Number of protein chains: 2
Amino acid sequence: MKLSNGVEWALHSCVTLSQSREPVQATRLAELHGIPRAYLAKHLQALSRAGIVHATAGQVGGYALTRPAASVTMLEVVQAIDGIEPAYRCTEIRQRGPLAVPAEQCERPCAIARAMAAAQEAWYRALTAVSIADLAAAIDIDSDGTAMADVRRWLAESRRSLPG
Amino acid sequence: MKLSNGVEWALHSCVTLSQSREPVQATRLAELHGIPRAYLAKHLQALSRAGIVHATAGQVGGYALTRPAASVTMLEVVQAIDGIEPAYRCTEIRQRGPLAVPAEQCERPCAIARAMAAAQEAWYRALTAVSIADLAAAIDIDSDGTAMADVRRWLAESRRSLPG
DNA sequence: GGTTCCCGGATATTTCTTGTCCGCGTTGTG
DNA sequence: CACAACGCGGACAAGAAATATCCGGGAACC
Ligand code: SF4
Ligand code: SF4
């Protein structure tokens, strides 16, 4: 079981966006995190398609959160990047081989699939309980209240200096 | 997030093995489920390395559970096949870029990594709660008490007829 | 001793992730 | 209103990982 590392970038980007009311360009977000610009843009597009962020084009364009950070859950971001398909994909092997179960008995998933679905559900619940705002607040506390202020300052500064 | 489909084969194989006190060859397990024999053998080797099943060589060899089915949890099987590394791998991007956090502040994982770890823990807990014996019992109930008996009959029969 | 079967690694094939590119639409400006 | 600049969006290659397969030992049984 593996999670795309783009999830980490997307979560960090959302936390950063929650600190700015103006749109932030993909170039800035990539530079801030030291990651390839073009690839981050691809993931941001996925967030855009999921309705989590809104992209504005043009000279002063960029990305911004569409909803308040407190209403965006981690699960939404994870699913936007990694897809909504569950980790366990049942290939219905019980319908194959010499003891094949007839299809009419396979209407509802079997015990194995049910247990896996329950585990997935527990995973979803844990991620739903945490919002982007929670993350921003927790990161701020971890850094003694300087992290988010630094981000806001850097965003304001880069908007002036870098395009020059 | 994706789970190797070998997990499904391994779980089915364990349930099957729980119905037989004699060792069952990899060839039989593969035939019963209609899956490639060689690849299933590779996964069974992983189960063997994890101590879940014991392989006996020789003419009447095969695989058998080392412990009672009630004491083997789904999580053990999943981790034996899919590995124990967590789904979310933190690449410490906060230590990169213009706002890099110094390493001495990164001793404990940040809020994002903590939330992901909590979700993973919930997933583990759900899988630990279900044993192979539970699965066998549930599958038996789903089939009105015929599935496991059919498996036992097929195993006994194939041991006579097929090698001939 | 012959046979059967499991173990382990080496290897080919396919799929997915990662990474990069340029066209199109949008925005601000003259 | 036409122009030019800018960034988003999806299409396109390279790399990694999973999937699937094969064969040479070694062990147990007959
Ligand atoms: S639903 Fe259950 S029995 Fe059917 S293939 Fe999936 S795990 Fe196997
Ligand atoms: S520990 Fe937190 S801040 Fe550091 S890279 Fe992981 S998610 Fe980002």
Side-chain angles (χ1 to χ4, degrees), chain A residues 1-10 13 17 22-31 33-64 66 80-83 85 87 89 91 93 158-159 162-164, chain B residues 1-10 13 17 22-31 33-64 66 80-83 85 87-89 91 93 158-160 162-164:
Chain A
M1 188 172 67
K2 202 173 58 117
L3 213 52
S4 167
N5 65 2
V7 170
E8 180 176 10
W9 305 349
S13 296
L17 289 178
E22 305 174 344
V24 181
Q25 300 97 317
T27 305
R28 300 288 141 70
L29 291 172
E31 186 187 7
H33 299 121
I35 56 183
R37 172 198 53 175
Y39 194 26
L40 175 63
K42 192 169 185 57
H43 289 310
L44 290 174
Q45 287 167 25
L47 292 180
S48 175
R49 239 169 301 162
I52 296 173
V53 303
H54 174 65
T56 55
Q59 221 162 359
V60 296
Y63 291 95
T66 54
I81 301 296
D82 205 66
E85 68 183 41
R89 305 147 296 164
T91 51
I93 65 176
S158 69
R159 190 163 274 280
L162 281 175
Chain B
M1 188 173 67
K2 200 174 61 116
L3 212 53
S4 166
N5 64 4
V7 170
E8 180 176 10
W9 304 349
S13 296
L17 289 179
E22 305 172 344
V24 181
Q25 299 98 315
T27 306
R28 299 289 142 71
L29 290 172
E31 186 187 9
H33 299 121
I35 55 183
R37 173 198 53 177
Y39 195 26
L40 175 63
K42 199 164 187 54
H43 287 310
L44 290 174
Q45 288 169 24
L47 292 180
S48 175
R49 239 170 299 162
I52 295 173
V53 303
H54 173 64
T56 56
Q59 213 163 0
V60 295
Y63 292 93
T66 54
I81 301 296
D82 206 66
E85 68 184 41
Y88 183 76
R89 305 148 296 165
T91 51
I93 65 174
S158 68
R159 192 164 273 279
R160 291 198 313 271
L162 281 175

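What you are looking at is a predicted structure, and each value in this text was computed from that prediction instead of being measured. Letters A, B, ... are given to chains in the order of the sequence lines, protein chains preceding strands, and every chain is numbered from 1.
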Note to self: To the nearest 0.5 Å, what is the distance between CG on B:L29 and CH2 on B:W9?
What the structure shows: 12.5 Å
Next item on the list: Rounded to the nearest angstrom, tell me the gap between atom CD in B:Q45 and atom C1' in C:dC5.
Entry: 12 Å
Check: Reckon A:A41 touches a base, only the sugar-phosphate, or nothing at all at heavy-atom distances under 4.0 Å?
Finding: nothing
Next item on the list: Write down the distance between CD1 (A:I35) and C1' (C:dT20), rounded to a whole number of angstrom.
Entry: 15 Å
Checklist line | Residue list, side chain to side chain contact (heavy atoms under 4.5 Å, CB included) with B:A50, at least two apart or on another chain | finding: B:I52, B:A80
Notebook entry, point to check: Do the side chain of A:Q25 and the base of D:dG7 come within less than 3.5 angstrom through a donor-acceptor pair of N or O atoms?
Noted result: no
Next item on the list: Verify side-chain contact (heavy atoms from CB on, under 4.5 Å) between A:E8 and B:R89, making sure each step is shown before the conclusion.
Entry: CA-CA 9 Å; A:E8 180 176 10; B:R89 305 148 296 165; over 6 Å; no
Next item on the list: Can you measure from CD (A:E31) to CG (A:L40) and round to the nearest 0.5 angstrom?
Entry: 12.0 Å
Notebook entry, point to check: For the atom pair CZ (B:R37) and CD (B:Q25), what is the distance rounded to the nearest 0.5 Å?
Noted result: 12.0 Å
Margin query: For the NE2 atom of A:H43 and the OG atom of A:S4, what is their distance to the nearest 0.5 Å?
Written below: 4.5 Å
Notebook entry, point to check: For residues 47-55 of chain B, which residues have at least one heavy atom under 4.0 Å from DNA chain C?
Noted result: B:S48, B:A55
Checklist line | Spacing between A:H33 atom NE2 and C:dG19 atom C1', to the nearest angstrom | finding: 19 Å
Next item on the list: Give, for atom OG of A:S13 and atom CD1 of A:I35, the distance between the pair rounded to the nearest 0.5 Å.
Entry: 5.5 Å
Checklist line | Approximate separation, where rounding is to 0.5 Å, of B:R49 CZ and B:L44 CG | finding: 11.0 Å
Check: When every nucleotide of nucleotides 19-30 of chain D is labelled 5' to 3' by its protein contacts under 4.0 Å (heavy atoms), B for base, S for sugar-phosphate only, - for none, what sequence of letters results?
Finding: BBB------BBS
